[in-house]
Amino acid sequence: MASTSAFSPVTHSGDELAKSYDPTAIEQGLYDWWDSEGYFAPAASKEGDQRPPFVTIMPPPNVTDVLHVGHALFVALQDIMTRWHRMKGEPTLWLPGADHAGIAGQWVVEKLLAEEGLTRHDLGREQFLERVWAFMNEYRPRIREQMKLLGASCDWSRFAFTMDPGPARAVRVAFKHLYDKGLIYRGERIISWCPRCRTALSDLEVKHREEPSSLWTLAYPVEGSDERVLVATTRPETMLGDTGVAVHPDDERYQRLIGRHVRLPISNRLIPVVADSHVDRAFGTGAVKVTPAHDPNDFDIAQRTGLPALNILNLDATLNEHAGEFEGMTIDEARAGVVARAEAEGWLVSVEAHLHSVGHCDRCDTVIQPLISKQWFVQMAPLAEPALEAAHSGELAFVPERFKGVYDNWLENIHDWTISRQLWWGHRIPIWYCQECDGVHASIDETMESCPACGGRVEQDPDVLDTWFSSSLWPFSTLGWPDKTPDLARFYPGTVMETGYEIIFHWVARMVFMGIEMMGEVPFHTVYIHGMVRDIDGAKMSKTKGNGIDPIEVSSQYGADALRYTLVTQASPGNDSRLSLQKVEASRNFGNKLWNATRFAIRSIGETPIDMDDQGPARPAGDLALADRWILSRLDEVTRSSTRLLEGYLFGEAGRQINDFIWSELCDWYIEAAKVRLREGSDGQAAVAQVLAYTLERSLRLLHPFMPFITEALWQRLPHVGGSVMTAPWPSAGEGDAEAEQAFGTVMTLVRGIRNARADAGVEPGRWVAARVHAGALAAVIESTRAEFGLLARIADGQLEITSEEPRHEPSSVTVLADGVVAVLPLAEMIDIGVERARLERELGEAEQERQRAEKQLGNGSFVARAPESVVAVQRDRLARSLEQIAIIRERLDALGE
RNA sequence: GGGUGAUUAGCUCAGUUGGCUAGAGCGCCACGUUGACAUCGUGGAGGUCACUGGUUCGAGUCCAGUAUCGCCCACCA
């Protein structure tokens, strides 16, 4: 091995494999060794290889994140894809990064300051940002180290942070581009305001929750009449900001009031009654109070009808000077006050219980206040259209497909995107206002000395951009854009974006339209969506509930391989899954199984020379035993099917099938059968060694993307070619051997039948018995594998007779049927006639059922006429076999007598 | 109000273009320290694939509807 680092995966834990699998012992050091060997960086394209590189950009975790099980899932899935494509020989890039997480990041540091009794305003912007950076730099390496523990084979040399100079410049360039194009504008709109974060939020950052509340009906007196208009509201305090009452233009009840005025009982203001077709005549009283400054619907009504807006809130959600006697109160206090007055003064008509959908800040859960504010927006319609088109044309595909509908639906109903945030931590809006000529200028430079128009003094916009603005540029800002770097040319667009459904809108859709707008091309062609990992009761894992499973803790106990394997195989694309330690333990046990199978193989190979080709142990050829041919054929099949499953993004099913092959076929049958040929003086040892070396080495390659550590550790111990299983070629499937599969299948069925019969008859498991096998045409085949058969079925060597004759029945014996083969076990003193009779009766019943089913099928004319020939043939075989079995069992029952 | 997912063994879930005598892991029962593995082996029990109808020679798989649970989106005061 030409290792350049001191660590070597082979010598590391001594020469002998330990008796049982200890994940921590083998995972230790392996990752750094891979890294130091340079396996994570994309390889140069091979000459003549026209395939595009495989590129996936990691969704950047927040810098302040501690690795949780959701990260572990995406790391596992992305690493499987990455390792698989790398093994297929494609230049492969998995690019990691971290996100500055504007609001969340700022909040964390503000909380620390609060412990010192300080606010960010005490420090001032500059000092505060220094504190944030210090904090970020301290925490930045943490999650990276944790992802390494999981085996993430990403290229750390390209690690990117959203606030690094490169991506930060990309933000300014993109902003200016959109600003110059008129797609970014500044306007006074109704926005969602978080009074705690003191910033505007986008629609996506507001989470609505139904909460029990009341519906108050208030009476507003009509000016110049005795009439009163009844309006219903869930927020009575907002009447302080009412500037009108709206009714439906066709509503008979209110026709005569349109254009007249009502007097707001609380502030004695006169406000007009307007008509707007948006009003639902059937809801409440059919008349709505209009508060344009604090309700998005009312804002729209006001826009259409020309009503003014009256802001009654301070930015901390207390009432302002327009609230009169309620000034300075919180919303709850003001509400209570307004209701009390209404009741006292007789204009409260009714109070009913009502479920009300209330918006909360996604970050801090504070109740959101809609209010009118001057903010920056991205005009979405022109950007959404090509993003929709990309999904329609198939240039952008979703796995599972149904998420395309989710994506479409959002883009089709999209509102403009509020991108300014009244925070300090983030990308500062690259806009400067001239203090002298009132000019507004965007720039891609970090600073602007003076007004480009008049040379006057300029001041930069104090706000920062929504974190997702920089995220939306991620697929190219990480590759050096806006510079024309070699990486950008080679790795854009990417291949797959693997992420969770919760950020399809936040991130995926925005990357798509920004990619199309800035690069002229979608940033990736496939979006793979994974589900959420929940606890075993189906609840979301959360810190506050304390039901979280810490991936690092689990890895240190069961191994990163076991955790990864569990996460991937328990889930199917797009669906949530439930994780428990019990499942991880089962995966660890699989590791132990593999470990011991390899230990057995290494011991069996011993000093035997193994034929090698340029990939590894050569495929065994020549005069092979039936079991050899069978396992090679099964390996072909699992290679074929797991490759097909990976191509279809069915990672879990692929992983399960590889496990099933290794455990239930290689270990349970091949290795057990091979033992007989490894005995002293046996002549099959060399062939077994070759088959084991070949099969196991291939199996390790198949499993490697799923369980990278253990497969590397074991692969290094087996005969192999190359430095690491990471770069060994992904296996291609051979043709398979149907004849061997069928013949060995019969042997397996016979062995199972004999074991079953022995158990029924109460034969001690270790006891060797005699048997005569009537194998008919298969006699030669069974004869060829007699030693293996004898071992598997525990039939004593000298007492196994294999014949092509018709079955003969002994009085005190047990009869076992498998396909066309009958085994007779003279168990003499152990036989309880009653038990044996019952067993045979049961088998007869089963055979009868088989016969009936087959007869029914074959008796159906249209089945025979329309079903494919192969399906019909199966039924014919089934009928023939069941008839044969019925005859044999009957005969045997007769022979048994009473 | 619109989407959308789930409903398969005691539990958690697979089941990819319809051919299934419906599988796995865990749990359960019986037996077992045979030199790879007790982080194991052998055998076993356990399911009318939510319900109703339809398409088909054939449906867990396709279609329509119903029920329950869940998620997403939506400006009903």
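Chain letters run A, B, ... following the sequence lines, proteins first, then strands; residues in each count from 1. Below, all heavy atoms of this structure are taken into account, side chains as well, without hydrogens, waters or symmetry copies.
Using a 4.0 Å cut-off, some side-chain N or O of A:R578 falls inside it from OP1 or OP2 of B:U12. A:S580 has no side-chain polar atom (N or O) that falls below the 4.0 Å cut-off from OP1 or OP2 of B:U12. Within the structure, a side-chain polar atom (N or O) of A:W663 is placed less than 4.0 Å from OP1 or OP2 of B:G41. Checking the phosphate oxygens (OP1, OP2) of B:C76, no side-chain nitrogen or oxygen of A:H356 falls inside 4.0 Å. Side-chain nitrogen and oxygen atoms of A:N756 include at least one within less than 4.0 Å of the OP1 or OP2 phosphate oxygen of B:G44. One finds no side-chain N or O of A:N659 lying less than 4.0 angstrom from the OP1 or OP2 phosphate oxygen of B:A24. Residue A:K583 places no side-chain N or O under 4.0 Å from the OP1 or OP2 atom of B:A14.
The residue among A:K540 and A:S20 whose nearest nucleotide of RNA chain B lies closer to the 5′ end is A:S20. When each of A:P296 and A:T598 is assigned the nucleotide of RNA chain B bearing its nearest heavy atom, the one mapping closer to the 5' terminus is A:T598.
Between the side chain of A:K19 and the base of B:A36, no donor-acceptor pair of N or O atoms lies under 3.5 Å. A:R588 contributes a side-chain N or O that forms a donor-acceptor pair with the base of B:U39 under 3.5 Å. Not a single donor-acceptor pair, N or O on each side, falls under 3.5 Å between the base of B:U42 and the side chain of A:R758. Remark: the A:E653 side chain and the B:A24 base include no donor-acceptor N/O pair separated by less than 3.5 Å. For A:K593 against B:C37, a side-chain-to-base donor-acceptor contact under 3.5 Å is present.
Taking the side chain of A:P868 as heavy atoms from C-beta on, and the options B:G25, B:A77, B:G19, the nearest nucleotide is B:G19. The nucleotide whose nearest atom lies closest to any side-chain atom of A:C667 is, among B:U39, B:U42, B:A36, B:A36. Picking from B:A36, B:U42, B:A77 the nucleotide with the shortest atom distance to the side chain of A:D668 gives B:U42. Minimum atom distance to the side chain of A:R755 is reached by B:G43, of the listed B:C26, B:G43, B:A36. Checked against B:A77, B:G19, B:A36, the side chain of A:R599 finds its nearest nucleotide in B:A36. Side-chain atoms of A:N589 lie closest to B:U39 of the nucleotides B:G5, B:U39, B:A36. Listed nucleotides: B:C40, B:C37, B:G19. Nearest to the side chain of A:V871: B:G19. Taking every side-chain heavy atom of A:T233 into account, B:A77 is the closest of B:U34, B:A36, B:A77. Candidate nucleotides B:G35, B:A77, B:C75 were compared by shortest atom distance to the side chain of A:N297, and B:C75 ranks first. With B:A77, B:C75, B:G5 as the choices, the nucleotide that has an atom nearest any side-chain atom of A:H278 turns out to be B:C75.
Residue A:A586 is classed as a sugar-phosphate contact, given heavy-atom separations below 4.0 Å to backbone atoms only. Within the 4.0 angstrom heavy-atom criterion, no nucleotide atom of any strand lies near A:P370. When heavy atoms are screened at a 4.0 angstrom cut-off, A:E672 is found touching base atoms of the nucleic acid. A:V290 comes within contact range of no nucleotide atom at all, as no heavy-atom separation falls under 4.0 Å.
In this structure, CG of A:L355 is placed 14 Å from P of B:G1, rounded to the nearest angstrom. As rounded to whole Å, 13 Å separates atom C1' of B:U34 from atom CG of A:L792. Between the C1' atom of B:G25 and the CD atom of A:Q657 lies a distance of 16 Å, rounded to the nearest Å.
Nearest heavy atom pair, residue A:T234 against residue A:W216, reads O-CZ3, 3.5 Å. Scanning both residues, A:I605 and A:Q685, for their nearest heavy atoms gives O-NE2, 3.8 Å. Listed here is the closest heavy atom pair of A:G286 and A:R253: CA-NH2, 3.9 Å.
Distance noted for atom C1' between B:C71 and B:A30: 45 Å (whole Å).
Between A:Y528 and A:F651, a ring centre-to-centre spacing shorter than 6.0 Å is recorded.
Both the sub-6.0 Å distance and the 45° axial angle are not jointly satisfied by A:K583 relative to the ring of A:Y565.
Note: A:W410 and A:F505 have parallel aromatic rings, judged against thresholds of 30 and 60 degrees for the angle between ring planes. Between A:W663 and A:F590, the ring planes lie parallel to each other; the angle is under 30°, not in the 30° to 60° tilted range.
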